[in-house]
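Some notes on the structure that comes next.
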Amino acid sequence: MELALKIILVIASLGLIAAVLLQPGKSAGLSGAISGGAEHLFGKKKARGLELFLSRLTMGLAVVFFVLSLVVAYFVRGA
């Protein structure tokens, strides 16, 4: 059981890394670093298509990774 959870955790972590790396950059340079967060926060640019899918996939994999990390830590501590 513990080994299976660890394998799933590794697969989820690799998937999360891949999903983050596949996302396109929002802006480039120092000016993008300053204004890019504000544009995303206030919704000037809506994600569509592949960007929306990758964003949702990243959020889903992050939740799976977080929950599996807690479950694996619980089993390792209890053993």
Side-chain angles (χ1 to χ4, degrees):
M1 176 73 175
E2 182 181 333
L3 180 63
L5 286 173
K6 286 182 181 180
I7 291 171
I8 296 170
L9 180 63
V10 169
I11 292 171
S13 65
L14 292 175
L16 182 61
I17 291 169
V20 168
L21 290 176
L22 284 174
Q23 291 184 4
K26 299 294 180 192
S27 54
L30 183 59
S31 63
I34 296 170
S35 66
E39 288 178 5
H40 182 68
L41 180 64
F42 297 116
K44 286 186 179 179
K45 187 176 180 183
K46 301 284 185 189
R48 296 177 191 250
L50 184 60
E51 290 181 18
L52 180 63
F53 172 73
L54 284 174
S55 174
R56 290 183 179 170
L57 179 67
T58 303
M59 285 187 283
L61 285 172
V63 169
V64 168
F65 177 78
F66 183 73
V67 170
L68 278 175
S69 297
L70 292 175
V71 169
V72 168
Y74 177 77
F75 278 117
V76 169
R77 185 179 57 100

Shared hydrophobic cluster for [X] and [Y] (ILVMFWY, side-chain gaps under 4.5 Å):
X: L68; Y: V76; answer: yes
X: V71; Y: L3; answer: no
X: V64; Y: L22; answer: yes
X: V67; Y: L9; answer: yes
X: L14; Y: F66; answer: no

Would a distance-only check, ignoring hydrogens and angles, find a side-chain to backbone donor-acceptor pair under 3.5 Å from S55 to L52?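 Checked: no pair found.
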Pairwise side-chain hydrogen bond (donor to acceptor under 3.5 Å, both in side chains) hits with a residue in residues 56-68, at least two apart =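 side-chain hydrogen bond (donor to acceptor under 3.5 Å, both in side chains) check on residues 56-68 returns Q23-T58.
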Considering non-hydrogen atoms only, spot the tightest contact between F75 and E2 and give its length.
->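 Shortest heavy-atom contact: O-OE1, 4.4 Å.
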Heavy-atom closest pair (A12 atom, L61 atom, distance to 0.1 Å) is O-CD2, 4.4 Å
Self-check item: Pairwise distance CE(M59) to CG(L16) - rounded to 0.5 angstrom
Solution: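 One finds 12.0 Å between CE of M59 and CG of L16.
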Interatomic distance, OG@S69 vs CG@L5, rounded to 0.5 Å, equals 11.0 Å
query = Other than I17, what residues sit in its cluster of Ile, Leu, Val, Met, Phe, Trp and Tyr side chains whose heavy atoms are under 4.5 Å apart, directly or through others?
reply =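 Members other than I17 - counting any ILVMFWY side chain reachable under 4.5 Å - are L21.
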